[in-house]
Amino acid sequence: MKRVIAKIAQELGVKRDEAELIAATLLERPRFEFYLNHKLCPENELRLWLKLILLKNGVPIEYVTKRIQFREYNLVIYPGVFIPRLETEYFIELINQRVELKPQRILEIGTGCGAIAIALARIYKHAEIVATDISNRALDNARINIERFGLKTRVELIHSDLFENIDTRFDLIVSNPPYVPSNRLFSLPKSVRDFEPLRAINGGKDGTVFIQSLVEQGMSYLNSNGTIALEIDELSVNPLKTFFRKRKQTVSFVQDQFGRYRYLFTKKG
Ligand code: SAM
Ligand code: GLN
């Protein structure tokens with residue numbers, strides 16, 4: 001094992017203890033075993049090297065381990081499904097703080113691997129949740145996570161383009177929609193551009209195309225006093241202010257943990 005660790009350190013240009021961490025993660029074995037002079041069987045060594053080649057080629061580690069940590073939840077992630085981000089962990093925090101009445105019915109649009117739906121199901125223990133996505137791969141991924149967390153009876157998954165297959169009303173509609181302005185897609189990190197689904201992040205002009213449709217259509221899927229909560233790009237704040245002003249609709253833009261305006265909350269009066 002010593003030889004393998006040294007080779008990983010050399011190949012990836014990392015320190016020995018980082019190489020140990022990577023090996024422990026990829027092999028799903030405790031690090032101390034590496035000091036007991038265990039030998040890896042050839043099959044496992046091959047598997048390890050195949051994963052390391054993926055990492056070396058820039059594949060996000062989440063797609064290699066097929067696991068992500070979202071808040072307190074360890075979730076399965078399929079390659080090709082959007083990897084939940086740090087800002088979305090905080091989005092859940094803000095929803096919990098800002099949505100006054102406990103929502104009974106929640107709709108999540110574009111659930112990806114199901115992270116938001118699962119976190120909200122844990123916070124609102126009596127709520128019924130509908131989670132949608134346009135991607136069948138995302139829905140298959142979300143189904144696995146929802147079943148692992150025993151939430152099959154409380155979170156319903158629906159294949160839908162925006163509200164196409166939705167025919168009921170909700171107290172809360174949430175989404176981390178595609179919101180990267182099209183002209184900034186090229187400036188995303190290579191690992192995002194090359195490996196994450198474009199449909200999950202392309203927000204069109206100003207990053208607001210999806211958001212505007214969601215707000216325009218979403219109002220008729222809200223119960224009175226219902227809330228729409230969205231994660232947004234900070235560069236979309238100005239165009240969105242204009243959009244809400246034209247609609248004569250009140251909106252609050254809220255900062256993330258770094259002081260950037262990254263979320264909006266709007267209510268049906
Ligand atoms: N909710 C997950 C999260 O926060 O990690 C995934 C968010 S990802 C930024 C956006 C998701 O919206 C993707 O899973 C994508 O497939 C989905 N999506 C894109 N266009 C959609 C549409 N027209 N209707 C429903 N979902 C859509
Ligand atoms: N924050 C993501 C990124 O920069 C984009 C997320 C989104 O479009 N919803 O990769």
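Read the numbers this way: they start at 1 and go in the same order the structure lists the ligands and their atoms.
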Task: Numbered atoms and elements of ligand 2 in range of V180, under 4.0 angstrom, heavy atoms - done: 5 (C), 8 (O)
Open item on the list: Side chains of R262 and Y179 only: does a donor on one sit below 3.5 Å from an acceptor on the other?
Closed with: yes
Task: Heteroatom proximity flag, V192 to ligand 2, N/O under 3.5 Å - done: no
TODO: May I ask you to test the T111-L157 pair for a side-chain heavy-atom distance under 4.5 Å?
DONE: yes
Task: Heavy-atom side-chain contact between L48 and V4 under 4.5 Å - done: yes
Open item on the list: Give the atom numbers and elements of ligand 2 that come within less than 4.0 Å of a heavy atom of P177.
Closed with: 7 (C), 8 (O), 9 (N)
Can you pull every nitrogen or oxygen pair between ligand 1 and the protein closer than 3.5 angstrom?
unit_1, atom_1, unit_2, atom_2, d
ligand 1, 1 (N), E108, OE2, 2.9
ligand 1, 1 (N), G110, O, 2.8
ligand 1, 1 (N), T111, O, 3.4
ligand 1, 4 (O), N176, ND2, 2.9
ligand 1, 14 (O), D133, OD2, 2.7
ligand 1, 16 (O), D133, OD1, 2.6
ligand 1, 23 (N), D161, OD1, 2.8
ligand 1, 24 (N), S160, O, 3.4
ligand 1, 24 (N), L162, N, 2.9
ligand 1, 26 (N), I134, N, 3.3

Task: Protein contact of atom 4 (O) of ligand 2 - nearest heavy atom, named by residue and atom, plus distance - done: L188 CD2, 3.9 Å
Open item on the list: Tell me whether the rings of Y263 and F91 are parallel (<30°), tilted (30 to 60°) or perpendicular (>60°).
Closed with: parallel
Task: Shortest non-hydrogen separation from I211 to I232 and the atoms involved - done: CD1-CG2, 3.6 Å
Task: Matching residue for T132 among L162, D161, N165, I166 - test: side chain to side chain contact (heavy atoms under 4.5 Å, CB included) - done: I166
- [ ] Show which atoms of ligand 2 fall inside a sub-4.0 Å distance from at least one heavy-atom site of P178.
- [x] 8 (O)
Open item on the list: When you compare the side chain of R3 with that of E45, does any pair of heavy atoms fall below 4.5 Å?
Closed with: yes
Open item on the list: Checking R71 against E93 for the salt bridge (Lys or Arg N to Asp or Glu O under 4.0 Å) test, could you report, in this order, the C-alpha distance in whole Å, the side-chain angles of both residues, the deciding distance, and whether it holds?
Closed with: CA-CA 10 Å; R71 293 176 62 98; E93 211 60 27; 2.7 Å; yes
Open item on the list: Below 4.0 Å from ligand 2: does a non-hydrogen atom of G203 turn up there or not?
Closed with: no
TODO: Using a strict 4.0 Å cut-off to heavy atoms of F82, name the atoms of ligand 2 that fall inside it.
DONE: 6 (C)
Open item on the list: Does the Lys NZ or Arg CZ of R169 fall within the cation-pi geometry relative to Y221 - under 6.0 Å from the ring centre and within 45° of the axis?
Closed with: no
TODO: Name the closest protein heavy atom to atom 3 (C) of ligand 2, giving the residue it belongs to and the distance to 0.1 Å.
DONE: R85 NH2, 3.7 Å
Open item on the list: Between R154 (side chain only) and A127 (backbone N and O only), is there a donor and an acceptor less than 3.5 Å apart?
Closed with: yes
- [ ] Consider every N or O of R262 and every N or O of ligand 2, then say whether any pair is closer than 3.5 Å.
- [x] no
TODO: Around atom 8 (O) of ligand 2, find the nearest protein heavy atom and jot down its residue, atom name and distance.
DONE: Y179 N, 3.0 Å
Task: Nearest non-hydrogen protein atom, atom 1 (N) of ligand 2 - done: E87 OE2, 3.1 Å
TODO: With K56 as the cation and W49 as the aromatic partner, state whether NZ or CZ is under 6.0 Å from the six-membered ring centre and within 45° of the axis.
DONE: no
